[in-house]
Amino acid sequence: LNQGRIFYWGALIAVATLVHFYLLVMVPILLKSQNNPADSAASGTNNRMDQSERSAGVAVSPSTLRFNAKPGTIQIKSFKITNDSKRNYIFNLLLQDYKIDELNGKETYMPKNYKYGLSKYLGISPNFVELKPGESKNISVSLDIPPVDTNEISMWTLLIVDQVVNKNKKLELPKSNANALAMGINVGMGFGVRIYQNPPNVKITDVEILKLAYAAPKSKKNKGQLLIDLENMGDGISYCLNYIEMTHFATGKQTKYKVNQLSLMPKNKKQVKFDLPSELSPGKYSAVVVIDFGDKDNLQTAEIEFKLD
């Protein structure tokens, strides 16, 4: 019986720990990597869009920082944490390097000696934040890269804004059952701010469309998808906007759809899935996919024809 109770409590503690970690850190990061809302196209040293990630009355903006520092120089950027709720929040700020699988895009955390890890050259101030209701604070991120040839490469990291929760809060048990077993879960929030560094010498516009295909719908509730396979052939992190121009052959009606803003790592592949709008009429279509780097003279395009029943 005692062994059974020990196993039971061990299982509860393991589940509680995993749930807390998943809710606090992994959910925001996974949602971000899948939906990629933070990847706004950039021109020069400034972000083109000031997008924010918001949860439960707290916002982080922007959620992507892009540096283009030459080794031996210092660059400073910042982001803001805003508390629009009616309660106090405390956050720890920490850096975590990661690598991305070249084929499937899977992210894996890496130690600080990782070749492409940017955390070793970054300074965060402050790295501990207390926010009262209605309060905002600016966080300074400084990049200082030593002037050596080995640093003339693209690097990246993830800045995690991690809520500090009271893990020692007393768990109240029902008075009617003094022998009851209970499990408490510490639920907090976390945000991921992606930080990229492209030195001036790297090539960031060498993205190719490997394949463009139409995937028929699996049910009558949708119109199918366009699948766009991309590869970054260059040695820099590419920032680009991709959109689709569709033409209905019978009517000649043309419609332009913005698909996504992308950050594509060096030598990496990515598949972009575009759900065809439900309002499309039956018939034959032509779709032109355009990859835009912010330069009208440097566009990548691909075209496909397909039929909707």
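Everything quoted here is computed from the prediction, not taken from an experiment. Side-chain atoms are counted along with the backbone in the values below, which use heavy atoms only and exclude waters and symmetry mates. We count residues from 1, following the sequence as given.
Proximity of a side-chain donor or acceptor of Gln96 to a complementary backbone N or O of Met110 within less than 3.5 Å is detected. Looking only at distances, no side-chain donor or acceptor of Asn127 sits under 3.5 Å from a matching main-chain atom of Ser125. Under the 3.5 Å distance criterion, the side-chain polar atoms of Asn232 are matched with a main-chain donor or acceptor of Met265. Using a distance-only test at 3.5 Å, with no hydrogens or angles considered, no donor-acceptor pair links the side chain of Lys70 to the main chain of Pro199. Within the 3.5 Å criterion, the main-chain N or O of Leu210 finds no donor-acceptor partner in the side chain of Asp229. A donor-acceptor contact shorter than 3.5 Å is absent between the side chain of Lys112 and the backbone of Asp97. Looking only at distances, no side-chain donor or acceptor of Glu245 sits under 3.5 Å from a matching main-chain atom of Val288. Judged by distance alone, the side chain of Asn198 and the main-chain N or O of Ile237 form a donor-acceptor pair under 3.5 Å. Here the side chain of Glu152 pairs no donor or acceptor atom with the backbone of Pro71 at under 3.5 angstrom.
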Could you go through Thr205 and Asn298, starting from their C-alpha distance and side-chain angles, then the distance that decides it, and tell me whether this counts as side chain to side chain donor-acceptor pair (under 3.5 Å)? CA-CA 8 Å; Thr205 60; Asn298 190 11; 3.1 Å; yes

Are Glu107 and Arg194 close enough, and set up right, to give a salt bridge (Lys or Arg N to Asp or Glu O under 4.0 Å), and what steps lead you there? CA-CA 13 Å; Glu107 297 180 0; Arg194 300 202 179 251; 3.0 Å; yes

List the steps and the verdict of side chain to side chain contact (heavy atoms under 4.5 Å, CB included) for Leu143 and Leu118. CA-CA 9 Å; Leu143 175 63; Leu118 187 60; 3.6 Å; yes

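The side-chain heavy atoms of Leu159 and Leu122, taken from C-beta on, include no pair separated by under 4.5 Å. Inter-residue side-chain proximity for Pro282 and Asp309 is flagged as unmet; no heavy-atom pair is nearer than 4.5 Å. Within the 4.5 Å cutoff, side-chain heavy atoms of Ile228 are placed close to those of Ile244. Between Met155 and Tyr114, every side-chain heavy-atom pair lies at or beyond the 4.5 Å cut-off. Looking only at side-chain heavy atoms (C-beta outward), Lys137 and Pro126 stay at 4.5 Å or farther from each other. Contact annotation: the side chain of Leu276 approaches that of Met246 to within less than 4.5 Å [non-hydrogen atoms, C-beta and beyond]. Using a 4.5 Å heavy-atom threshold, the side chains of Tyr121 and Gln197 count as separate.
Side-chain polar atoms of Gln75 and Asn68 form a donor-acceptor pair below 3.5 angstrom.
Under the 4.5 Å side-chain heavy-atom criterion for ILVMFWY residues, a single connected hydrophobic cluster contains both Leu65 and Val129. Under the 4.5 Å side-chain heavy-atom criterion for grouping Ile, Leu, Val, Met, Phe, Trp and Tyr, Phe67 is not connected to Ile204 through any hydrophobic cluster.
The aromatic rings of Tyr239 and Tyr196 sit tilted relative to each other, their planes meeting at an angle between 30° and 60°. Relative ring orientation between Phe91 and Tyr89 is described as parallel, the plane-to-plane angle staying below 30° on a 0-90° scale split at 30° and 60°. Ring-plane geometry between Tyr285 and His248 is classed as perpendicular, the angle between the planes exceeding 60 degrees on a 0 to 90 degree scale with a lower cut at 30. The aromatic rings of Phe274 and Tyr257 sit tilted, their planes meeting at an angle between 30° and 60°.
Enclosure of atom OH in Tyr214 by more than 12 non-hydrogen atoms of other residues, nucleotides or ligands within 6.0 angstrom is indicated. Atom NZ of Lys253 has 12 or fewer neighbouring heavy atoms from other residues, nucleotides or ligands inside a 6.0 Å radius. Annotation for Lys99: atom NZ does not count as buried by contact number, only 12 or fewer foreign heavy atoms lying within 6.0 Å.
Rounding to the nearest 0.5 Å gives a distance of 7.0 Å between CD1 of Ile153 and CG of Asn151. With rounding to the nearest 0.5 Å, the separation of CG in Asp144 from CD1 in Ile76 is 9.5 Å. Residue Tyr98 holds its OH atom at 11.5 Å from OG1 of Thr108, rounded to the nearest 0.5 Å. One finds the CD atom of Glu279 at 9.0 Å from the NZ atom of Lys223 (value rounded to the nearest 0.5 Å). Rounded to the nearest 0.5 Å, atoms OG1 (Thr64) and CZ (Arg66) are 5.0 Å apart. Expressed to the nearest 0.5 Å, how far CG of Asp275 lies from CD of Gln225 amounts to 4.5 Å.
Remark: Lys256 is positioned above the aromatic ring of Tyr243, its terminal NZ or CZ atom under 6.0 angstrom from the ring centre and at most 45 degrees off the axis.
The only member of Thr82, Asp84, Leu131, Asn83 that meets side chain to side chain contact (heavy atoms under 4.5 Å, CB included) when paired with Ser136 is Thr82. Tested against Leu264 for a side chain to side chain contact (heavy atoms under 4.5 Å, CB included), the candidates Leu230, Ile291, Ile100 yield a single pass: Leu230.
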